[in-house]
Amino acid sequence: MTFMDLEVPHWAYMFGFLQADGHLMAGSGQKGRLQVEISYRDIDLLRTFQELCPYRSSLSERTRTTNFSEEHRSAIWRMYSLEGRTRLLELGIPCGKKSTRIAPPRVPFSRRDYLRGIIDADGAVGCTAEGLPFASLATTSTAIATYLCRYTKLTLGIHKLTSRNTRDHAYNIMYMREIGVSLADHLYYPGCLALERKRSAAERVATWVRPAHMSPPRQRRSWTQWEDQILLAAPSHHEAAEQLGRSEKSCQLRRIRLRRK
């Protein structure tokens, strides 16, 4: 089996995880390494990577002081093979800082397994303090953020738009309640390769049912061509909202998008 054949589910997942949480480093000549460092509680995933990888690799641990803990214990997996590193570079894991540069592969790949790898590395699955289920992703890559939103629209019928926040210019994409349940159930299917704690969280999310006292979800109302014409012709958002029976905020955002096009 070809190393990193991305049409194979476990390779697609592993590539997504490495793309988000791994680091490809180039040294002098042909030297270099791939390194992944995660919490020690997730070391089983790195053991699986080591078993899947056809090249020699090492697995170690260390304890250090971080902003969150004085004794943070982590696990580190390293792979040095030039052939393996070249393959990863060709598929889309650049050397050095990469958070804004990563993008979905340009070769055929297992999409939901790839996205699960991305979310396991840079996202979250679970329930809020209020007990509301969610699946989310935080990324600084425009290509990854756009792809996730496009994938959920085409595959699950979930319409989601996103933009960079003002604090750190990252994309924080949140799927909550029913759409969070749908995404978690779709990505974390039985027998898939995943972080065990996130797989367990996804299983808990899948059991959520909207409480009787909670208002039903609002149905999304698509914009039609004639509504766009009325919106652009109206002298203000307020008048457009009255004519169309929509909120002023909805009219304002739609007008901005139409003018950008």
Side-chain angles (χ1 to χ4, degrees), residues 9 13 16-17 20-21 38-45 48 66-69 71-75 99 111-141 144-222 246-247 249-250 253:
Y13 169 85
F17 193 95
D21 223 15
I38 60 178
S39 172
Y40 187 81
R41 63 179 173 170
D42 298 322
I43 192 173
D44 285 345
L45 183 67
T48 300
T66 67
N67 293 334
F68 306 101
S69 173
E71 294 186 350
H72 174 71
R73 191 182 183 191
S74 62
S99 59
R111 289 166 169 76
R112 67 170 172 174
D113 296 288
Y114 168 76
L115 284 173
R116 187 177 63 259
I118 291 285
I119 288 178
D120 266 6
D122 280 347
V125 179
C127 293
T128 66
E130 293 77 26
L132 299 177
F134 72 90
S136 67
L137 174 67
T139 180
T140 56
S141 166
I144 295 295
T146 302
Y147 183 77
L148 175 61
C149 292
R150 182 172 180 270
Y151 178 85
T152 56
K153 178 181 179 181
L154 295 177
T155 307
L156 301 173
I158 299 172
H159 296 265
K160 175 70 70 171
L161 298 173
T162 187
S163 60
R164 293 186 186 274
N165 61 43
T166 56
R167 182 174 61 86
D168 53 10
H169 302 291
Y171 297 93
N172 292 289
I173 311 169
M174 179 75 76
Y175 297 85
M176 294 194 68
R177 300 179 177 86
E178 282 84 0
I179 62 174
V181 172
S182 296
L183 181 57
D185 187 59
H186 175 73
L187 294 180
Y188 294 85
Y189 58 88
C192 69
L193 177 60
L195 281 173
E196 189 55 42
R197 58 187 172 87
K198 289 193 177 179
R199 186 207 310 276
S200 298
E203 290 175 354
R204 292 193 297 272
V205 163
T207 64
W208 184 82
V209 177
R210 180 177 287 263
H213 66 270
M214 186 180 291
S215 301
R218 291 184 297 174
Q219 296 298 316
R220 184 179 183 274
R221 178 180 164 189
S222 300
R246 291 180 178 269
S247 68
K249 183 177 181 181
S250 174
L253 292 175

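Residues take their numbers from the sequence shown, with the count starting at 1. Model, not experiment: these values are computed from the prediction. All values below come from the heavy atoms of this structure, side chains included, with hydrogens, waters and symmetry mates left out.
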State, with a plain yes or no, whether a side-chain heavy atom of Glu196 is found less than 4.5 Å away from one of Asp44.
no
Between Thr140 and Ala170 the two heavy atoms that sit nearest each other are CG2-CB, 3.9 Å
Qualifying residue for side chain to side chain contact (heavy atoms under 4.5 Å, CB included) with Phe134, from Ile179, Thr128, Val181
Thr128
Cys127 SG to Met176 CE distance, which is reported to the nearest 0.5 Å:
9.0 Å
Contact summary for Lys160 and Ile173, nearest pair of heavy atoms
CG-CG2, 3.9 Å
CG on Asp185 to CH2 on Trp208, rounded to 0.5 Å
14.0 Å
Which distance, rounded to the nearest 0.5 Å, do you find between the CG of Asp120 and the CG of Asp42?
8.5 Å
Polar side-chain atom of Ser200 near backbone of Arg197 as donor-acceptor pair, under 3.5 Å:
no
Which value, rounded to the nearest 0.5 Å, describes the distance between Thr48 atom OG1 and Ile43 atom CD1?
10.5 Å
Taking C-beta and beyond as the side chain, do Tyr175 and Leu148 meet within less than 4.5 Å on heavy atoms?
yes
Ala138 to Asn172 - nearest heavy-atom pair and separation:
CB-OD1, 3.5 Å
How about Arg116 and Phe17: do any of their side-chain heavy atoms sit closer than 4.5 Å?
no
Any Met214 side-chain heavy atom under 4.5 Å of Leu132 side chain
yes
More than 12 non-hydrogen atoms from neighbouring residues, nucleotides or ligands closer than 6.0 Å to CZ on Arg150, yes or no?
no
Inter-residue atom distance Arg210.CZ - Glu178.CD, 0.5 Å rounding:
4.0 Å
Backbone N or O of Cys149 within a donor-acceptor pair of the Thr152 side chain at under 3.5 Å?
yes
Would Arg111 count as a cation-pi partner of Tyr151, with NZ or CZ less than 6.0 Å from the six-membered ring centre and within 45° of the ring normal?
no
Is there side-chain contact between Tyr188 and Leu195, with heavy atoms separated by less than 4.5 Å?
no
What's the shortest heavy-atom distance between Ala184 and Val205, and which atoms?
CB-CG1, 4.0 Å
Report the distance from atom OH of Tyr171 to atom CD1 of Ile144, rounding to the nearest 0.5 Å.
11.5 Å
Heavy-atom nearest pair, Ala121 first then Ala20, reads CB-CB, 3.6 Å
Check: Leu187 and Tyr13 side chains under 4.5 Å, non-hydrogen atoms:
no
Exercise: identify the closest heavy-atom pair between Arg246 and Ser250
NH1-OG, 4.1 Å
